Each structure stands twice: as C-alpha cells, then as structure tokens.
Amino acid sequence: MEGYMEKAVITFDNTQRTFHLRNETISYLMSIEEGEILSHLYFGKRVTGYHGSRHYPRYERGLSPNLAGRPGEVDRFYSKDVLPQEFAGNQTGDFRSPAIIIKSADGALATDFRYDSYEIFSGKPELEGLPQTYVKQDDEAQTLAIKLKDKTLKASVVLYYTIYADRSVITRSTRVFNESEYSFSIEKVASLQLDMPKQAMEVISFPGSQFHERQVERAPLRQGITEFSSRRGASSHHMNPFVVAVDPNTTEQTGEAIGVQLVYSGNHQFTFEKDYIDQVRLVTGINEDGFSWQLAPEKSFQSPEAILVYSDKGLNGMSQTYHHLLRERVARGNHQYQDRPIVINNWEATYFDFSAKKIEAILDEAAPLGIEMFVLDDGWFGQRDDDRRSLGDWYEYTSKLASGGGLRGLAEKVHAKNMAFGLWFEPEMISENSDLYRQHPDYAIHIPNRPMSLSRDQYVLDFSRPEVVENIYEQMTAILDRVPIDYIKWDMNRHMTEVYSTVLNSEQQGEVAHRYILGVYDLVDRLAKRYPDILFEGCSSGGGRFDAGMLYYFPQTWTSDSTDAAERIRIQYGTTFGYPVSSMTAHVAAVPNPQTQRITSLETRGDVASSGVFGYELDVQQMSAEEKELVKQQVAFYKEHRHLIQYGDFYRLKDPFLSNEAAWEFVSPNGNDVLVYHFRLLASSQQNFTITKLVGLIPEGIYVDQETGEKFSGDELMNIGRYDDPTQAGDFTAQVRTYFLED
Ligand code: GLA
C-alpha cells in the first residue's frame, strides 16, 4: 500500500524562510518576513515548489505605520498594515481586524506576536475537551506547529496547521500560553486568520431563523468589515458557523471556492475585512463580543478548530470534501457508517397530549409500514403537560404512560414490534416550575438582582458549572440504565441571556458562554461513551445547532422544525453546502403543513424527506388506505437506496434560490448507481421544458433507467441531459429517476 506520507508534505526552506504545506491537490505557503513577521503567501491549487513569485512588493503608504525602531533605521516601504499575515496583532501597526487581543495587567491591549520556532510532526495532536477532526493513523496527516512570541507580554501562541494526505483540507487552531508572572485576559483569539490578495471576491453565508435555516446568500464583498456571527450562546439558526469565499464566476461545478467552517457550537464570528487596497482578511473563532478568558501564569488556552477547504471544482467539489471529512474524520462511534433507521416521531401527531393507548395505536399502524424506529418526543417526564414546566426533572411522568407499563413497558412493546425505541431530552434547560428549580434556583443562568428573560418560558442551565452538568448526567443515566433506549433526540430550545455565572469571579464572567459549551461537550461525550449503541440526534428548535462541533458527538441532526416540503427543498439544499446527507434528518409531515398551512402531495413530501435521513412525523391513523400504501412504497424505496443516499457522493444540480427548480443527485463512489431528484417549484399555465444534466458519471458507461429500461451513455446524461417531466400538475412536484450501470 502506498504510504500517505509521500502525499502530505510540510517543508521549511531555510534560505527563503518559507513554509510549504502540500498534498496532491493543495498548497499552503507562508514566509517569515523582515522583523520575524509570519506572513501569508498563498492558499490554493497545489504547486510543486515555490521560488519567490509572491514576494510582497515594498511600497510607501501614508498613515500605514512601520516597524518599531529608531528614526532613519526603519524601512518606510514596509508596513504590517497591508502585509498579508498569519496572525495579526492589535494596535501595533496593522489597523485591520486582529487575530488576537490580550489585556495585560496594566490595562494595555496591544499584541505583537513574532516568529520564534516551528515543529513538524506526523499525525494530529488531540484538542482536549473540544470537538475536532481526527486521524486514524499518524501517516494520514502532518502537522506544523509554529510558535510566535510577544516578548513584551511574555506570551506565546502556537498556530497548528494540519494537512491531510488525501483531502483538500487544512485544519487550524491556536493555543495561547502565559509565560509571564501575571495573569492576563485574552479578549479575542482567532482559530484562523486567512489573508487573501484577491480583489473581486464574493462571500456565501448561511443565515436563517427557526423553520428557515441555512438559506444561501451570496454577495460581493465591499470595502470595510462584513461580519457573520452569533451572540446567542449557540451556533444558531440565524448564522451558521460556515462561510465560503468564491470568485464571481464560481458555479456549482466549476471555479475556485474556499470554505471555512468552525468545529464549534457556541458564539462564533467570521470577520471579513476588505482593506483600503482591496485585499481581504478573514478572521474567525469564538465571538470576541462578550468573551474574555483569564489566563494565569503557566496556563494555556486552546481555541476551537477551523476547517479550511479548497476546491477548484466549484461549490460541489468543496461540499464533497466537507461531506467526506465530516463523515469520516469528525463523526465517530458505532453509528458513524451505519444505515440510519427510518423514524416515526409522535410530536406533530400528538404534541404533549399522548397516552400509552394513543402511542400504541400509532405503533400498530406504523410497524406494518416498515418503519424501523419510534421516537417518543417531548412530554414524558416530570409533570410535562405543556412547555411551561418540568425541564430539569428527568424522571418519568408515571401517570401519563401508566396503563402501558410506563416508559420501560413502552420500550418493550416497541421492541416486540421489531422497532427501535427513541426518547426526547432537553438536558440543558430548566423550567421555573420544576423540582430542580425549586431545589437549585441558582442553577439557572442569571445575574443576581437582575430580572431574568424568559424564552419559551424556560431558562438555560449554568453548564459552566461542573456540578450542574453532573446533576443532569446522574438523572439521565438513571433513565438510560433502566429503560432500553436506542436513540436520543437531544433538543435545545432557547438562547442565552443575562450571561453570568454565580460561581465565577467578576474578571471571569467573559468565560461563561465558552465554559457552557465545554460543559455541553463534556456531558455529551460522557453519555456517548457510556452508551455507545445509542444513536444521538442533535436538535435545537430544529436546526439551530447544525455544526461540525455537535457532529463530533451526534452523527445526525434534525435539520429544521419546518416540515413543509417546499421550504425544506431550500433548507436542505443550503445545508448540503457544508454538511453530509448522513447528518441531515428529514421527515414527512401531514398536510396542511402545521407551520405553513401549505398542501403538497405525499409523493413530493416523500421525495424531499427521502433526500436525507428519512422518517415520518404525523399521525398515521389519520391516513387513508391509499396513503398508507404509498408510505409502504416510500419506505421500501428508501430502504433500497438509503446507503447511496446517506453515504454516496452528493451533487447539487439546480439551485432553488435562483430558479423555479431544484435538482440534486446521488452517485455511488464507483459510479454504478445514480439517483436524481428534480423538483419544480411553481406550476405555470404555459409550462417551460426544462433539462437536467447529470454529473459525476462514467462518461463511456451505459446507464439504464431503472423504471423505463431506457439506456443512455454517461456523457450523454452529463452533456446533453434529459427533459424533466412536464406533465405533472400543480406546484411543488417531484420526479425521481434511478439509473444503474450496465455490466
Ligand atoms: C423543538 C423541536 C421539535 C420538538 C419540540 C418539542 O421545537 O425542534 O422537534 O421536539 O421541541 O417540544
């Protein structure tokens, strides 16, 4: 077997003083410039060697400061204010967004980190307590650790760069060390800074809201600062921790794209700054707003990780790199590569109003349809009859399921039907009306003497406190040890306000939001390790914490509380830019849709949901015999194709944000099996004919349409394409075509 090592190489050229990280597809170049400043040279398509082509021009610019020194001895043609850098300081000559701000004991905020030393090693160091990309064997990747020092502060930072041998990926993170005798306060620390000389750049971001996650926005950058961020205590529906920098002519299939994604679930910040000569800087990491971290002498602080991806094959090329990486080197555990079960969830069928009898009736209907798992959603614990109570009381609501033998009895009934049993939790929250709040009101995040903001009538638990995490861990394990549970839906339904912890001192209050997320990671890590067979699904009022951080613990996430097929087409389209289909759950709901009142056909709803990790979220008892028949067929179709859907190569073909259509395609890694979904959004009284062209096929292969038996060559389907069915009536119609390669 060919070693990975020959493919991922990091070198330091002593004469030019340049670092070069490269594999077969990408190169990343840096140099140590005058004054020991670590400067950025290049990130993009692989080059075999570097001979100085990006040497930064010397040019005198008014009001751009020069290095510190004596008048007459300092080069006036050289300024950090425009020089592309790897980790810019604050208030020391570069007026652009800094990568690091440290407040020293005297109150000064200046930082100036200069090159000190480097180390190159195989593999990738583990980041303690944080989610991260990983390697399975050391020769899969090489890591460069560059140490920079601020001599005045007596602080150092280590910048980590890991390059994978066979992926167009570089991961980055930063560790700050206090080498002085005094504590100082980190006010900002970037996971990644990327300076780009590009001038006409567009940025794609993924904003949204509950029911409306990961919409795709693309806009040219203007001079000044453009920021994409969250201050909600969560990565949020409102701005996903992921951006893409593209050329104006980059498309889904062609052109260059650079993706930057944070492996983090808390407050984040992506700052683009286009400077006064149109160079672009991107700085990303924990949101500096509200953040600070007291660093005592000899202590260090580790930033979350950022994943940098380069593609010269358009946005699909970038997405596939993320899909593979997140599936293969972020997700973990027994379910990482397992076909995910088809779920029926009772939420939209019953809401809080269920009984053992009602649930059993749903089961009786669902099992014969071939559905594989039943999930009991919110309402099974404490006195939970509505969303105003009982969060924090993770013990069984005994009277609710009493007639069916309680939770255990229900789990056994589900198992007797050959189905798996899943349960809903919202472990990070507390209701005022709960035993936990009555016993420990201080467990809720609050500022003493200040009124507490409610949201969904609940508060957030102070997970920055280990004893609070421990309390919830004990309660959850008591249930999980007693009831045979196969799956957990882990919800999180409000954001953080009055951010404060009663056990931290006044200087440490800026640490609460990050410590909270570390507490969440600690809890989910312990639970996932203790119950390796449980499949965890992340959720946050839908897809409010759909990020690579949560994917390290939970291999799948509820994509959105919107179950409307029309809305879902866009939400799922946007989600696939950064996240694999195996992580994206999608259910068929009843019509009129509970959120939009829209009516779409069961066929379309099935086709939208079967483009992700499939399930149902409706009352099967309300369905007609024909509808149940159709559900059976959908379930059978999904079982036949689910491996291809969940683990095949996914391509976006037609953009529902820009046209009246959407189309996407799944191709097996060997190119043999193909599944194409086409959606027409609104009908027209004078219907245009549309053509869908495929990608990623074997050009000379002969592909058979499974339904009609028609045969087409791969390049015919890719270059000429086929007409989409114009005869379907009504809005939001779907067509699915399946092909296999002839022997
Ligand atoms: C959130 C989730 C829903 C459901 C409810 C239950 O909104 O996203 O799927 O579980 O909570 O309260």
Side-chain angles (χ1 to χ4, degrees), residues 130-131 191 203-217 226-244 259-272 284-291 304-307 326 426-429 445 453-456 458-461 463-464 489-499 512-521 524 537-554 556-562 567 570-572 574-579 583-585 595:
L130 283 166
S191 299
V203 173
I204 303 175
S205 58
F206 302 91
S209 57
Q210 191 193 13
F211 304 116
H212 204 62
E213 295 86 339
R214 289 167 298 286
Q215 304 295 298
V216 181
E217 275 196 3
T226 307
E227 185 178 291
F228 306 96
S229 62
S230 167
R231 297 192 293 169
R232 294 172 165 269
S235 52
S236 87
H237 314 75
H238 305 77
M239 196 57 76
N240 196 260
F242 174 43
V243 295
V244 191
V260 179
Q261 198 174 89
L262 270 187
V263 190
Y264 190 57
S265 315
N267 291 335
H268 60 81
Q269 185 179 27
F270 291 76
T271 307
F272 282 91
T284 185
I286 294 175
N287 197 329
E288 71 193 279
D289 198 351
F291 170 81
E305 182 171 282
I307 305 171
L326 267 53
E426 194 179 358
E428 300 156 62
M429 298 291 148
I445 289 184
S453 302
L454 278 166
S455 181
R456 212 197 186 199
Q458 64 196 50
Y459 303 124
V460 183
L461 280 169
F463 266 31
S464 74
K489 177 174 171 187
W490 184 292
D491 215 334
M492 198 283 273
N493 290 318
R494 72 155 282 179
H495 291 147
M496 223 181 263
T497 55
E498 291 87 33
V499 184
V512 175
H514 181 58
R515 284 186 184 274
Y516 171 90
I517 290 292
L518 296 179
V520 173
Y521 290 151
V524 294
E537 176 165 333
C539 176
S540 173
S541 293
R545 227 167 33 182
F546 208 123
D547 57 65
M550 292 316 294
L551 279 180
Y552 186 63
Y553 309 97
F554 302 163
Q556 59 187 53
T557 297
W558 179 226
T559 309
S560 175
D561 270 355
S562 175
E567 297 263 306
R570 289 206 176 104
I571 296 168
Q572 293 176 197
T575 302
T576 64
F577 275 76
Y579 305 98
S583 69
M584 184 175 84
T585 59
Q595 295 94 34

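Since this is a predicted model, take the numbers as computed values, not measurements.
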Check: Any idea how Trp490 and Phe554 line up, ring-wise: parallel (<30°), tilted (30 to 60°), or perpendicular (>60°)?
Finding: tilted
Item checked: From Met239 atom CE to Gln215 atom CD, the distance as rounded to the nearest 0.5 Å -> 11.5 Å
Notebook entry, point to check: What residues, two or more places apart in sequence or in another chain, satisfy side-chain hydrogen bond (donor to acceptor under 3.5 Å, both in side chains) together with Ser560?
Noted result: Glu213
[X] side-chain N/O to [Y] backbone N/O, donor-acceptor pair under 3.5 Å:
{"X": "Ser230", "Y": "Arg232", "result": "yes"}
{"X": "Arg214", "Y": "Thr559", "result": "yes"}
{"X": "Ser583", "Y": "Thr557", "result": "no"}
{"X": "Ser235", "Y": "Asn240", "result": "no"}

Notebook entry, point to check: For the ring pair His514 and Tyr516, is the centre-to-centre distance below 6.0 Å?
Noted result: no
Notebook entry, point to check: Do the two ring centres, one from His237 and one from Phe206, sit under 6.0 Å apart?
Noted result: no
Margin query: So, using salt bridge (Lys or Arg N to Asp or Glu O under 4.0 Å) as the criterion, who are the partners of Arg545 when residues are at least two apart?
Written below: Glu428
Notebook entry, point to check: What pairs with Glu305 under salt bridge (Lys or Arg N to Asp or Glu O under 4.0 Å), at least two apart in sequence or on another chain?
Noted result: Lys124
May I ask you to check whether [X] and [Y] show a side-chain donor-acceptor distance below 3.5 Å?
{"X": "Asp547", "Y": "Tyr579", "answer": "no"}
{"X": "Ser541", "Y": "Asn493", "answer": "yes"}
{"X": "Gln458", "Y": "Glu426", "answer": "yes"}

Next item on the list: Work out which heavy atom in Ser229 is nearest to a heavy atom in Gln269; give both atom names and the distance.
Entry: CB-CA, 3.9 Å
Notebook entry, point to check: Taking all atoms of both residues into account, what is the closest heavy-atom pair of Gly549 and Tyr521, and its distance?
Noted result: CA-OH, 4.0 Å
